[in-house]
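When reading the values below, keep in mind they use all heavy atoms of this one structure, side chains included, and skip hydrogens, waters and symmetry mates. Predicted, not measured: the structure shown is a model, and the values here were computed from it. Reminder, nothing fancy here: chain letters follow the sequence lines and each chain counts from 1.
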Protein chains: 2
Amino acid sequence: MTADNDKTRTRKASIDDVAKAAGVAIKTVSRVLNNEPNVREETRQRVLVAVKRLNYHPSPSARSLASRRSYLIGLVYDNPSGNYTIEVQRGALARCREGKFLLLLHEVTGAGEELTQDVMAFANQTHIDGLILAPPLSESEEIIRALDEHGLPFARIAPNDLKHRSPYSDMDDEGAAREMTEYLIGLGHRRIAFIIGRPGHYASGQRLKGYKAALKSHKIAFNADYVRQGDFLFDSGLEAARQLLALPTRPTAIFAANDDMAAGTLMAAHEMGVAVPDQLSVAGFDDAAISRTVWPPLTTISQPTYQLSYAAADLLLKSLLSGTPPKPVRLLHKLIRRASTGVLRNPD
Amino acid sequence: MTADNDKTRTRKASIDDVAKAAGVAIKTVSRVLNNEPNVREETRQRVLVAVKRLNYHPSPSARSLASRRSYLIGLVYDNPSGNYTIEVQRGALARCREGKFLLLLHEVTGAGEELTQDVMAFANQTHIDGLILAPPLSESEEIIRALDEHGLPFARIAPNDLKHRSPYSDMDDEGAAREMTEYLIGLGHRRIAFIIGRPGHYASGQRLKGYKAALKSHKIAFNADYVRQGDFLFDSGLEAARQLLALPTRPTAIFAANDDMAAGTLMAAHEMGVAVPDQLSVAGFDDAAISRTVWPPLTTISQPTYQLSYAAADLLLKSLLSGTPPKPVRLLHKLIRRASTGVLRNPD
DNA sequence: CTGAAAGCGCTTACAG
DNA sequence: CTGAAAGCGCTTACAG
């Protein structure tokens with residue numbers, strides 16, 4: 001039983017309590033808490049002691065109401081692959097935490113007008129200060145137009161080439177896909193198949209472009225039979241690979257536009273008794289967790305997903321605080337060699 | 001150019017604007033928005049028309065400040081397996097959205113006192129109304145004590161047997177593990193190994209108990225060599241399985257306490273050239289996404305992770321609104337048979 | 001069924 | 001360097 005163990009114990013301390021305890025005006029407490037200048041060091045210390053003693057934590061809602069800022073950032077994503085999404089979440093979450101903003105997740109599913117309405121309803125209801133758009137939402141002209149009309153700042157992760165003043169972070173999808181294809185060519189492969197990513201994703205087209213460019217620069221004829229449409233999900237990779245491996249002259253290497261589809265490709269190979277990598281090399285893209293838990297582990301492109309998301313959040317916060325849109329950020333990828341690729345051993 | 005296309009366009013409408021437009025007091029607007037009784041239907045309609053016309057969305061911070069509620073729920077989790085975490089997120093998110101609460105995610109990493117401090121700092125800074133504890137945090141006596149002292153309501157997902165009045169959701173881990181073990185016994189296996197989950201998780205102990213109980217009821221002697229410690233992560237399953245498969249008399253079946261470790265077990269079998277399921281049956285637990293993307297697909301226990309989390313959020317919201325702690329909820333599991341288990345074909 | 005007043009706990013704008 | 005006043009946009013408590 002302490003001296004102040006009375007009924008007031010349950011009520012949270014407010015700025016008034018702190019001001020009274022420190023013998024200053026609430027404005028001074030506010031200055032100390034927000035690191036504003038013009039506070040004498042001795043006064044500052046007195047305030048800090050009172051804050052500590054009263055276990056004071058400023059009310060976010062009072063602060064928001066008075067400052068006309070919610071300190072809330074929204075992260076909107078569609079969810080093609082859970083492996084990818086969780087990294088996107090982590091990156092944005094980390095940056096928001098550092099900046100004392102809170103991150104609100106909003107998973108969407110629809111398309112077109114309905115999707116735009118969904119995003120705008122989320123923004124309206126939560127009164128978020130800004131939004132982070134993960135792909136493929138980062139490419140939606142319709143959403144971008146609606147956000148502009150609404151005057152809501154946003155940052156984009158891996159957007160398409162649409163010109164817009166809002167900040168974004170991206171990587172060189174085309175260059176990375178080209179690099180991977182050239183790596184397979186370097187292993188001696190000539191019959192290299194490609195599984196395209198989800199239609200409508202800018203990255204899908206870029207990766208296909210890189211694949212084609214590598215073939216061309218090595219004078220390997222493009223074979224439409226070796227290119228299949230997927231959607232970034234495991235099942236689509238499984239299905240596409242089943243078809244590819246059933247071709248009369250089957251490919252000796254399959255490059256899937258992401259790791260989930262590459263994992264599906266491995267399963268098709270297992271089903272059909274095709275040895276990886278002895279009879280078939282398989283490559284993915286992302287370096288997601290799944291690339292290390294399949295057999296054999298996948299050769300892939302390490303896409304800096306966490307960093308892309310962190311950077312997008314960083315740019316958004318900077319633009320909110322400065323008012324001017326910062327320059328876009330381009331991050332580097334890396335080819336990771338694992339056991340799923342190799343030179344041909346038993347070509348049939 | 002509409003008639004009201006002047007500078008006021010950027011300012012958001014407030015409750016005062018709506019009241020003025022509808023010719024009522026703000027209290028009446030508040031009644032309509034919160035579905036309170038005692039509003040004439042005609043008045044109600046007038047208000048709704050004004051809300052629509054002004055595109056009015058109530059300010060969450062003003063509402064929070066006045067009502068002394070943040071309408072914020074925290075979800076705190078440690079992250080042993082990404083596959084599990086994303087389902088936990090989804091379940092809680094879905095329920096909060098329905099209840100017009102916002103969900104704040106907080107991933108923690110530490111342990112002991114530091115961990116408790118981390119959780120409490122999160123609660124203090126955000127002023128959340130309640131907290132959802134995912135395992136193994138749902139078992140921490142220290143955190144529970146701190147939350148009690150703080151007077152913060154919380155719900156637990158799959159907690160241990162600690163008696164506490166706070167609501168929780170769980171499943172029968174012991175029964176499920178027993179069922180899986182008996183299924184393996186039914187296939188003719190006698191040398192059944194078990195890989196234990198992360199130490200300190202209540203579920204880990206319960207699943208081990210179920211495994212032992214099944215052996216006992218079928219009069220199969222318990223062999224300590226066949227039981228290995230894991231931590232729910234892929235690598236620990238890989239390592240444990242490598243050891244098990246290197247035993248002079250190796251097991252014919254391995255039951256891992258979760259899917260990630262079972263996936264690691266499959267990789268060890270691949271590495272060592274042990275055919276699954278012909279020479280070795282492998283079973284997991286969770287029915288996470290990974291159970292369908294490995295080769296062969298895993299026989300596992302479908303743990304209703306999403307529903308457990310949804311239920312915990314549901315119980316928390318109910319207890320916040322009613323003030324009385326609702327009854328705990330127990331959810332059902334299901335054994336999912338896939339290709340990773342079978343009768344022995346080529347015992348060596 | 002409806003409303004006027006007070007107040008939630010901060011920041012902004014201003015004064016000294 | 002410090003502070004008094006006003007106000008952000010709602011809900012609570014009360015009155016009629």
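What separates CG of B/L65 from P of D/dG9 is a distance of 12 Å, to the nearest Å. Rounded to whole Å, the distance from NE2 on A/H57 to C1' on C/dG9 is 15 Å. Between A/R46 atom CZ and D/dG3 atom C1' the separation is 13 Å, expressed in whole Å. The distance from atom CZ of A/R69 to atom C1' of C/dT12 is 13 Å, rounded to the nearest whole Å. Atom CG of B/N38 and atom C1' of D/dC14 are 14 Å apart (whole Å). To the nearest angstrom, P of C/dC10 lies 8 Å from CG of A/L33. Between the P atom of C/dA4 and the CZ atom of B/R31 lies a distance of 11 Å, rounded to the nearest Å. Distance CD1 (B/I15) to C1' (C/dG3): 12 Å, rounded to an integer number of Å.
With C/dG3, D/dC8, D/dT11 as the choices, the nucleotide that has an atom nearest any side-chain atom of A/R68 turns out to be D/dC8. Of all nucleotides listed (D/dG9, D/dG3, C/dT11), D/dG3 comes nearest to the side chain of A/V24. Here the side chain of A/V39 is nearest to one of D/dT11, D/dT2, C/dC10, namely D/dT2. Distances were taken from every side-chain heavy atom of A/S67 (C-beta onward) to each of C/dG9, C/dT12, D/dG3; the shortest belongs to C/dT12. Relative to the side chain of A/T28, the nucleotides D/dT2, C/dT11, D/dT12 differ in distance, and D/dT2 lies closest. In this structure, of D/dC1, D/dG3, D/dG9, it is D/dG3 that holds the atom nearest to the side chain of A/K27. Proximity note for A/I26 (side chain, C-beta onward) versus C/dG3, C/dT11, D/dA4: the nearest is C/dT11. Side-chain proximity of B/S59 to the nucleotides D/dT2, D/dG9, D/dT11 is greatest for D/dG9. Of the candidates D/dT2, D/dA4, D/dT11, the closest approach to any side-chain atom of B/A66 belongs to D/dT11. For A/R40, counting side-chain heavy atoms from C-beta on, the closest listed nucleotide (D/dC10, D/dT2, C/dG3) is D/dT2.
Looking at heavy-atom distances under 4.0 Å, B/P58 makes contact with sugar-phosphate atoms alone, never a base. Residue-level contact check: B/S64 touches neither bases nor backbone, having no heavy atom under 4.0 Å from any strand. No engagement by A/D16 is indicated, since no non-hydrogen atom pair under 4.0 Å with the nucleic acid exists.
A salt bridge links A/R46 to A/E42: at least one charged side-chain nitrogen sits closer than 4.0 Å to a carboxylate oxygen. Ionic pairing of B/D314 and B/K318 is present here: one or more N-O contacts between side-chain nitrogen and carboxylate oxygen are shorter than 4.0 angstrom. Between B/K27 and B/E36, at least one side-chain N (NZ, or NE/NH1/NH2) sits under 4.0 Å from a carboxylate O, which counts as a salt bridge. A salt bridge links A/E87 and A/R90; the closest N-O separation between the charged side-chain nitrogens and carboxylate oxygens is under 4.0 Å.
Each of B/R44 and A/A13 lies near DNA chain C, and the nucleotide nearest B/R44 is the one positioned closer to the 5' end.
The aromatic rings of B/F122 and B/H106 sit parallel, their planes meeting at an angle under 30°, below the 60° perpendicular limit.
Between B/N34 and the phosphate of D/dT11, there is a side-chain N or O to OP1/OP2 separation shorter than 4.0 Å. Between A/S30 and C/dT11 there is a side-chain polar atom (N or O) within less than 4.0 angstrom of OP1 or OP2. Residue B/Y56 places at least one side-chain N or O closer than 4.0 Å to OP1 or OP2 of D/dC10.
Under the rule for a side chain to side chain contact (heavy atoms under 4.5 Å, CB included), the partners of B/S70 that lie at least two apart in sequence or sit in another chain are B/L72, B/D129.
Base-pair partner of D/dC14: C/dG3 (Watson-Crick or G-U wobble, both distances under 3.5 Å).
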